[in-house]
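Beneath this line is the structure, given in structure tokens, with notes to follow.
All chains are named by letter (A, B, ...) in the order of the sequence lines, taking the proteins before the strands, and each is independently numbered beginning at 1. Values below: every heavy atom of this structure, side chains too, minus hydrogens, waters and symmetry copies.
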Amino acid sequence: MVQWKAEERAAIQAVFAKLDYESVGRETLTRLLVVYPWTRRYFGGFGNLFNSEAIMANPKVAAHGIVVLRGLEMALKNMDDIKNTYASLSELHSEKLQVDPGNFQLLGDCLTVVIATRMRTEFTPDIQAAWQKFLAVVVSALRKQYN
Amino acid sequence: MVLSAEDKANVKAAWDKIGGHGAEYGAEALERMFVSFPTTKTYFPHFDLSHGSAQIQGHGKKVAEALATAASHLDDLPSALSALSDLHAHKLRVDPVNFKLLSHCLLVTLA
């Protein structure tokens with residue numbers, strides 16, 4: 001089981017406290033789809049994803065950004081048992097959506113970059129470290145049901 | 001992987017924004033990497049890795065200089081960086097997954 005130090009919990013709470021789900025969610029997903037274009041394969045029903053302007057303006061992308069952050073919030077609220085909290089999400093992504101799990105890492109990286117632009121120097125190396133650990137646990141939990 | 005003309009323009013624009021801060025950002029990226037991804041410290045047992053250490057500053061400068069070389073040789077990156085690649089592969093024997101970790105931390109620093 002993952003052990004969290006008090007400072008790590010505090011750091012992760014601090015990051016979430018400042019998150020504007022709408023703005024951060026939209027920008028994170030936009031970056032994923034622009035920087036790693038193969039990820040568009042998972043969003044066939046989203047309409048126009050042909051260039052960065054279209055993606056940025058796409059309302060389905062914006063809506064889905066919020067869905068993703070709400071999903072992460074579940075992990076925040078259950079930090080001591082992320083693995084079980086994510087069991088059905090993992091199954092969804094592997095069985096139904098058939099997402100290559102390498103992409104979870106990429107999404108996490110894009111989110112981290114957006115958070116850094118929002119929090120700037122407040123996103124200290126120590127806070128980043130706690131955040132990266134949180135993301136690693138989340139990604140690992142999402143990979144659990146793949147076989 | 002090939003860089004398009006637009007890619008090269010974007011890289012140049014980003015590099016210009018960095019201005020003279022390359023060494024400072026290089027050092028910060030290294031520090032972030034050592035703190036977030038402690039396994040990377042195993043390649044620097046001979047370094048003082050505490051915050052603000054002279055060795056991290058010095059190494060940040062080296063990283064920045066290498067990036068400057070890369071940024072000015074976008075049309076022939078493989079040959080411009082071939083000596084560095086040899087160094088990291090044959091002498092330092094760094095697992096290439098770590099390059100992604102440093103570049104991620106560089107992105108976070110720039111962000």
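Within 6.0 Å of atom NZ in K8(B), more than 12 heavy atoms from other residues, nucleotides or ligands are found, so the atom counts as buried in its surroundings. Around atom NZ of K133(A), more than 12 heavy atoms belonging to other residues, nucleotides or ligands sit under 6.0 Å away.
Rounding to the nearest 0.5 angstrom, the gap separating the CG atom in L101(B) from the CG atom in D109(A) is 8.5 Å. Between the NE2 atom in H104(B) and the CD atom in Q105(A) there is a gap of 8.0 Å [rounded to 0.5 Å].
Nearest heavy atoms, A129(A) versus S36(B): CA-OG, 3.1 Å.
When each of A130(A), A116(A), A136(A) is scored by its heavy-atom pairs under 4.5 Å with chain B, the top score falls to A116(A). Chain A forms more heavy-atom pairs under 4.5 Å with one residue of M33(B), H51(B), R32(B), E31(B) than with any other, namely R32(B).
Under the 4.5 Å side-chain contact rule for hydrophobic residues, F104(A) and V67(A) do not share a cluster. If you chain together hydrophobic residues whose side chains sit under 4.5 Å apart, F99(B) and V35(B) never meet in one group. Hydrophobic clustering, with ILVMFWY side chains joined whenever heavy atoms are under 4.5 angstrom apart, groups W4(A) together with W131(A). Connection of V97(B) to L102(B) is not established within any shared hydrophobic cluster, with ILVMFWY side chains joined at heavy-atom distances below 4.5 Å, either directly or through further cluster members.
Interface remark: T121(A) contributes no atoms to any contact with chain B (heavy atom separation under 4.5 Å). Using a 4.5 Å cut-off between heavy atoms, F34(B) does not touch chain A at all.
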